[in-house]
Amino acid sequence: MAHIANIPMMRLMPMPSTSSNDIRELAFKTAPSASKVEIKRFLETFYGFEVQKVRTLNMKGKKKRHAGSLVAKPDYKKAYVTLKKPLPFSQDLFPFHSTLQDKKNEKVLITQR
């Protein structure tokens with residue numbers, strides 16, 4: 001029985017190559033304590049990705065002054081994951097543009113009534 005750590009991971013914007021519509025490398029934001037092996041096992045187990053390699057970067061949280069005191073966001077780790085088989089990339093992966101277009105259409109319909 002293998003223990004898989006519950007790692008908080010958030011996917012960052014995909015980085016498609018310019019030559020094709022396939023994604024071969026993904027970027028994730030994760031906890032600073034996560035190791036490369038844990039990240040690889042987590043992605044293979046829960047998402048079924050075939051991971052070739054994992055590169056990590058420790059990032060410091062941004063610091064700002066607020067009302068005379070220093071406020072800092074938490075540190076995090078960025079993981080760049082290279083997949084063995086590329087994922088197909090759809091332009092509607094982040095349908096933000098279509099959401100804005102739907103809102104414009106709703107406004108037009110409301111004004112026409």
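Residue L83 holds its CG atom at 9.0 Å from CD of E50, rounded to the nearest 0.5 Å. To the nearest 0.5 Å, atoms NZ (K29) and CZ (R11) are separated by 14.5 Å. Rounding to the nearest 0.5 Å places CG of D75 at 5.0 Å from NZ of K60. Rounding to the nearest 0.5 Å gives a distance of 8.5 Å between OH of Y76 and CE of M10. The NZ atom of K85 sits 11.0 Å away from atom CZ of R24, with the distance rounded to the nearest 0.5 Å. Once rounded to the nearest 0.5 Å, the distance linking CG of L26 with CE of M9 reads 9.5 Å.
Applying the 6.0 Å contact sphere to NZ of K62 captures no more than 12 heavy atoms from other residues, nucleotides or ligands.
Looking at every heavy atom in both residues, N58 comes nearest to P32 through OD1-O, 4.5 Å. Scanning all heavy atoms of the two residues, the minimum distance from E38 to A34 falls at OE1-CA, 3.4 Å. Pairing each heavy atom of K40 with each of V54, the nearest pair is CB-CG2, 4.1 Å.
Using a 30° and 60° split on the angle between ring planes, Y47 and F49 fall in the parallel class, below 30°.
Between the side chain of T30 and the main chain of K77, no donor-acceptor pair closer than 3.5 Å is present. Between the side chain of S69 and the backbone N or O of H66 there is at least one donor-acceptor pair closer than 3.5 Å.
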message: Walk me through whether K78 and L12 qualify under side-chain contact (heavy atoms from CB on, under 4.5 Å).
response: CA-CA 9 Å; K78 216 185 258 190; L12 301 174; 3.9 Å; yes

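In this structure, V51 and T82 have side chains that are not in contact, with every pair of non-hydrogen atoms separated by 4.5 Å or more.
Under the 4.0 Å criterion applied to side-chain N and carboxylate O atoms, R55 and E25 are assigned as salt-bridge partners.
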